[in-house]
2 protein chains.
Amino acid sequence: MKTISPKTIDRALLYIRALENLLKKKRDKISSSELADITGSSDVQVRKDISFFGKVGIPRIGYETKKLKDVLENFILQDNIVHIALFGVGNLGKAILKYPGFQTDKIKLVAAFDKAKNKVLKEVNGVKIYPVEQSVRLIKKVHAEIGIIAVPSENSQEVADIMVNSGLKGIVNFAPNRVSVPKNVYVKDIDFSIEIFSIFSHTQL
Amino acid sequence: MKTISPKTIDRALLYIRALENLLKKKRDKISSSELADITGSSDVQVRKDISFFGKVGIPRIGYETKKLKDVLENFILQDNIVHIALFGVGNLGKAILKYPGFQTDKIKLVAAFDKAKNKVLKEVNGVKIYPVEQSVRLIKKVHAEIGIIAVPSENSQEVADIMVNSGLKGIVNFAPNRVSVPKNVYVKDIDFSIEIFSIFSHTQL
DNA sequence: TGGTGTGAACCGATTCACAGCA
DNA sequence: TGCTGTGAATCGGTTCACACCA
């Protein structure tokens with residue numbers, strides 16, 4: 001059986017969001033080229049991606065917004081809800097807690113951790129902040145799958161170790177240094193300064 | 001003449017940072033495989049990347065830390081300093097202003113803009129906050145090249161338009177919706193919820 | 001021997017070109 | 001006709017295999 005490519009998954013997530021917005025606007029049909037414009041891709045790419053999930057479109061017409069969204073969601077998200085644990089409630093952590101893209105029923109920030117005594121047990125945007133000491137126990141209890149590192153780089157490895165011990169299988173790391181984890185844990189680094197330089201190089205061509 | 005690949009540029013930035021750290025620890029030699037471990041790549045990949053910049057290594061020995069760093073920096077950054085303008089000084093904006101990865105002499109946050117009157121003219125981490133009305137004029141004056149969108153999605157397009165008018169050639173967009181800009185302006189979207197889902201899908205395989 | 005440098009093979013992803021259909 | 005669907009060609013990037021050298 002053919003396996004889905006990671007890039008197709010990423011774009012499918014963009015398609016899903018675009019389709020949600022279109023549904024809100026009562027658009028019930030959409031063509032591959034329009035979807036491509038919205039998501040910054042090409043029409044062929046959109047059709048190739050969608051073709052992986054089956055023959056969903058109607059020749060001469062396009063795709064039915066609702067149907068396409070359902071097909072993609074069923075395949076990619078399989079009515080899973082992703083449970084997230086956040087470490088570090090500084091400015092970045094707070095920004096993440098308030099991030100509007102998370103106000104969906106598919107992602108749930110289940111717990112936040114900080115070691116500052118004065119932040120602990122407060123709530124930000126409905127998410128309670130716990131002391132780090134309780135993190136391993138709590139993460140296991142709520143069955144979180146993904147962890148976010150939003151602590152200063154000095155503490156990032158320490159937090160990564162806690163995440164591994166808690167059984168988290170995926171980590172987003174915002175600290176500007178790499179953390180080491182077992183091979184079965186997937187880490188995605190988001191490094192603002194690398195992103196900036198990368199864009200700068202792009203503009204220099 | 002052969003042209004450098006974008007992926008090589010991105011990795012070169014990681015190499016440069018790794019080399020800086022090694023220099024601080026007085027390590028004057030480094031092998032491709034060790035550099036690969038630090039940056040999360042493979043030894044062949046490291047050598048291929050570096051080979052683009054010339055024959056820098058010493059067979060049987062490895063690379064001279066300082067020399068390699070200089071070669072990469074000269075090629076990639078060409079003693080340019082990247083000047084950045086930030087829009088939106090909420091939690092995310094503040095996190096960016098305080099980001100330690102920017103405490104380098106190669107990136108300079110030159111101005112921040114916000115429309116909240118009570119934030120204006122304050123300073124965060126040495127960067128002054130100006131009212132948005134002055135942004136076009138100020139960005140031209142300080143010759144910023146890259147802009148960061150850290151405002152709520154409702155205002156992201158408006159801010160993108162300002163950036164285009166100010167002559168910025170690259171944009172990092174943290175708002176969870178795409179902005180439209182002329183083809184000659186390069187936009188990189190950083191979308192937390194897509195990143196989360198993407199990692200989640202990875203862990204599901 | 002233990003490292004670098006690199007052409008060739010490979011692999012994944014994108015684009016092309018066009019068949020097929022309401 | 002104007003869209004989707006898709007095999008074939010192409011492109012870019014990674015890995016292999018090995019020549020080379022202090």
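Proteins come first, then strands; the chains are lettered A, B, ... in the order of their sequence lines, and each starts at number 1.
Mapping A:S33 and B:R11 onto DNA chain D by nearest heavy atom places A:S33 at the nucleotide closer to the 5' end.
The main-chain N or O of A:E20 is never found under 3.5 Å from a side-chain atom of A:K69 such that the two would form a donor-acceptor pair.
At C:dG12, none of the side-chain N or O atoms of A:S5 fall inside 4.0 Å of OP1 or OP2 (strictly under the cut-off). Residue A:S31 places no side-chain N or O under 4.0 Å from the OP1 or OP2 atom of D:dC3. OP1 or OP2 of D:dA19 has not a single side-chain nitrogen or oxygen of B:R47 nearer than 4.0 Å. Contact annotation: A:K55 side-chain N/O to D:dT6 OP1/OP2 distance is under 4.0 Å.
A salt bridge links A:D189 with A:R178: the closest approach of a Lys/Arg side-chain nitrogen to an acidic carboxylate oxygen falls below 4.0 angstrom. Salt-bridge check for A:E34 with A:R27: passed, with a basic side-chain N closer than 4.0 Å to an acidic carboxylate O. A salt bridge between B:K29 and B:E64 is absent, with no side-chain N of the basic residue lying under 4.0 Å from a carboxylate O of the acidic one.
Straight-line distance from the CD1 atom of B:I30 to the P atom of C:dG2: 18 Å, rounded to whole Å. One can place CD of A:Q45 at 13 Å from C1' of D:dT6, the figure rounded to the nearest angstrom. For B:I4 and D:dG13, the CD1 to C1' distance is 14 Å, given to the nearest whole Å. Across the protein-nucleic acid pair, B:D10 atom CG and D:dG13 atom P stand 11 Å apart, rounded to whole Å. One interatomic measurement links the two molecules: CG of A:D43 to P of C:dA17, which rounds to 14 Å at whole-angstrom precision. Rounding to whole angstrom units, NZ of residue B:K7 and P of D:dC11 are separated by 18 Å. When the C1' atom of C:dT4 is taken as reference, atom CG of B:D49 falls 14 Å away, rounded to whole Å. Here the P atom of nucleotide D:dG2 and the CD atom of A:E34 are 16 Å apart, to the nearest Å.
The nucleotide whose nearest atom lies closest to any side-chain atom of B:K48 is, among C:dG3, C:dG7, C:dA13, C:dG7. Considering only the side chain of B:P6, D:dG13 comes nearest among D:dG13, D:dT4, D:dG5.
Using cut-offs of 30° and 60° on the angle between ring planes, the pair B:F53 and B:F75 is perpendicular.
Nearest heavy-atom pair across B:S33 and B:D43 is CA-CB, 3.6 Å. A:V181 and A:V187 get closest at one heavy-atom pair: CG2-CG2, 3.6 Å.
More than 12 heavy-atom neighbours from other residues, nucleotides or ligands sit within 6.0 angstrom of NZ on B:K106. Shown here is A:K115, whose NZ atom has no more than 12 heavy atoms of other residues, nucleotides or ligands within 6.0 Å.
Among the protein residues, B:S42 comes within range of the sugar-phosphate backbone only, with heavy atoms under 4.0 Å from sugar or phosphate atoms but none that close to a base.
Annotation: proximity of residues 193-203 of chain A to DNA chain D (heavy atom, distance under 4.0 Å) is found for no residue. Sorted by residue number, the members of residues 59-72 of chain B with any non-hydrogen atom under 4.0 Å from DNA chain C read B:P59, B:R60, B:G62, B:Y63.
Residues passing the ring pair (Phe, Tyr, Trp, His ring centres under 6.0 Å) test with B:F174, sequence neighbours excluded: A:F192.
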